[in-house]
Protein chains: 2
Amino acid sequence: MSRTAGSSGKKTLAAIHEAGLDLIHERGFEAVSLRHLAARVGLQPGSLYNHIETKQDLLFDLIHNHMVTLLQSVDAELDGIEYPLARLKAFIAFHLTYHIERKREVFIGSSELRSLDPKNRKKIVALRRAYEERLCDILKRGTEKRLFKIDDIPVSAYAILAMLTGICTWYDAKGRIDRKTLIDIHTRLVLQGVLK
Amino acid sequence: MSRTAGSSGKKTLAAIHEAGLDLIHERGFEAVSLRHLAARVGLQPGSLYNHIETKQDLLFDLIHNHMVTLLQSVDAELDGIEYPLARLKAFIAFHLTYHIERKREVFIGSSELRSLDPKNRKKIVALRRAYEERLCDILKRGTEKRLFKIDDIPVSAYAILAMLTGICTWYDAKGRIDRKTLIDIHTRLVLQGVLK
DNA sequence: TATAAAAACGATCATACGTTCGTATTCTGG
DNA sequence: CCAGAATACGAACGTATGATCGTTTTTATA
């Protein structure tokens, strides 16, 4: 046999990305072989190479897509919101929502950084730093306007991000806590920690 | 050649554990081959099997040792401290200190859980839960005594732990922030978030 | 000091890996 | 409707992997 009826490049690549996210999330990049991946998509291993350059490039594309989307989304979400407190609240709600909805991407984007070769890793780290800066900016503005009392802005930003991102490892959308409650709890925790 | 002069089981196993922590921390469990490991220790690959059962068992031992030590240490540290606020402060300081000093173990203990087979993972998760319970207990006591105002104890505990554990990924002991400052910042963040 | 246990070597096993390639089939633009 | 591009197959490549084994040398015990 050879080319399958109905096959289309775009659809297959999307399926590869989807299966890649699933498998890497479950087992880790190193533990996922291209044979696993191909089987999940319904292809022979060699056929993957009609759509990806290398396994490494696949990982980079997955993480890069995620980071770009994350940045665009946060900017869209914060756009038009002026006051630091409102911006902080919006940031928290956005971050939690996004991280709930894209568990796989977020997890891979942080835990598989070390599987990227240095050049690729550098690009991703730059994007991540840009995202962190969004929060730092909010904290800085709030401090300048004497709304927040913060000992050290970068450290506090890291701490807050770690706290908010942590939900990825335990939050179950079907569990006891609904999304709104989750956001409320975290908003209160962060605000109390930060407000003057 | 065969048995090397001066070789001793205890020392070699310790060297294997040490090299294992280093390599797994740097590259991830799946990416570390027994050949890498053996080379780092200065052995032939086959010789590892005089000291470990399997690669999987090595990982389990590393994580298990870490979790047991963590639990013993936290209990020793909190022993004798009565009041919830003091206990919470002690917990925060302990957790941060321990996580700074044992970056590798902590990182491996959370990021390589998925590389454990189900039986081993279950044991580790139970130990981790026991550790989380230490914090939950503190929060509960504090809430009962009307010292803390907490919306949801488990969620808050996870959030706090995520925040405190996050330092592993960025804190550099030789960097701008010294340990005491780090502890102060985090203590303030947590306490404000939790106090009535 | 004799002897068994411990520890290391080096060769080797079967398997799995990422990737390449020639070929066959299907899709698509002119 | 036909030609060339796109897509997939299936076999194969060289390499790396976790693990085993027989052998040899060192250490420790009695």
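Heavy atoms only: backbone and side chains are in, while hydrogens, waters and symmetry mates are out. In what follows, every chain begins at residue 1, and chains take the letters A, B, ... in the order their sequences are listed.
For dA8(C), neither phosphate oxygen OP1 nor OP2 lies less than 4.0 angstrom from any side-chain nitrogen or oxygen of Q44(B). For dA16(D), neither phosphate oxygen OP1 nor OP2 lies less than 4.0 angstrom from any side-chain nitrogen or oxygen of S33(B). At dA8(D), one or more side-chain N or O atoms of T12(A) fall inside 4.0 Å of OP1 or OP2 (strictly under the cut-off). Between H51(B) and dA6(C) there is no side-chain N or O to OP1 or OP2 distance below 4.0 Å. Within the 4.0 Å cut-off from OP1 or OP2 of dC9(D), at least one side-chain nitrogen or oxygen of S47(A) is found.
Computed from coordinates, the K55(A) NZ to dA16(C) P distance equals 15 Å when rounded to whole Å. Going from atom CG of L23(A) over to atom P of dC17(C) covers 12 Å, rounded to whole Å. Going from atom CG of L34(A) over to atom P of dG18(C) covers 4 Å, rounded to whole Å. Regarding L48(B), its CG atom lies at a distance of 17 Å from the P atom of dC21(D), rounded to whole Å. As a whole-Å value, the separation of L37(A) CG from dA16(C) C1' is 16 Å. Atom CG in L43(A) sits about 15 Å away from atom C1' in dT25(C), given to the nearest Å. Nucleotide dT17(D) holds its P atom 16 Å from the CG atom of L58(B), rounded to whole Å. What separates CD of E30(A) from P of dA16(C) is a distance of 18 Å, to the nearest Å.
Relative to the axis of its first five pairs, the axis of the last five pairs of the helix from dT1(C)-dA30(D) to dG30(C)-dC1(D) sits at 30°, rounded to 10 degrees.
Evaluated for a side chain to side chain contact (heavy atoms under 4.5 Å, CB included) with M67(B), the options L71(B), T69(B), N65(B), L70(B) yield exactly one hit, L70(B).
Between the side chain of N50(B) and the base of dA6(C), no donor-acceptor pair of N or O atoms lies under 3.5 Å.
Both R35(B) and P45(A) sit near DNA chain C, but only R35(B) has its closest nucleotide nearer the 5' end. Comparing Y49(A) and K10(B) against DNA chain C, the residue whose closest nucleotide sits nearer the 5' end is K10(B).
Using the six-membered ring where Trp is involved, F107(B) and H25(B) have ring planes that are perpendicular, over 60° apart on the 30 and 60° scheme.
Taking hydrophobic clusters as Ile, Leu, Val, Met, Phe, Trp and Tyr residues chained together by side-chain heavy-atom distances below 4.5 Å, Y171(B) shares a cluster with I153(A).
A side-chain donor-acceptor contact under 3.5 Å links H36(B) to the backbone of S33(B).
Ion pairing of E77(B) with R134(B) is absent here, as no side-chain N (NZ or NE/NH1/NH2) approaches a carboxylate O to less than 4.0 Å.
Taking CG of L21(B) as the reference point, atom CD of E18(B) lies at 6.0 Å (rounded to 0.5 Å).
Note that K55(A) lies in the cation-pi zone of F29(A), set by a 6.0 Å cut-off to the ring centre and a 45° limit from the axis.
Counting non-hydrogen atoms under 4.0 angstrom, V41(B) reaches nothing in the nucleic acid.
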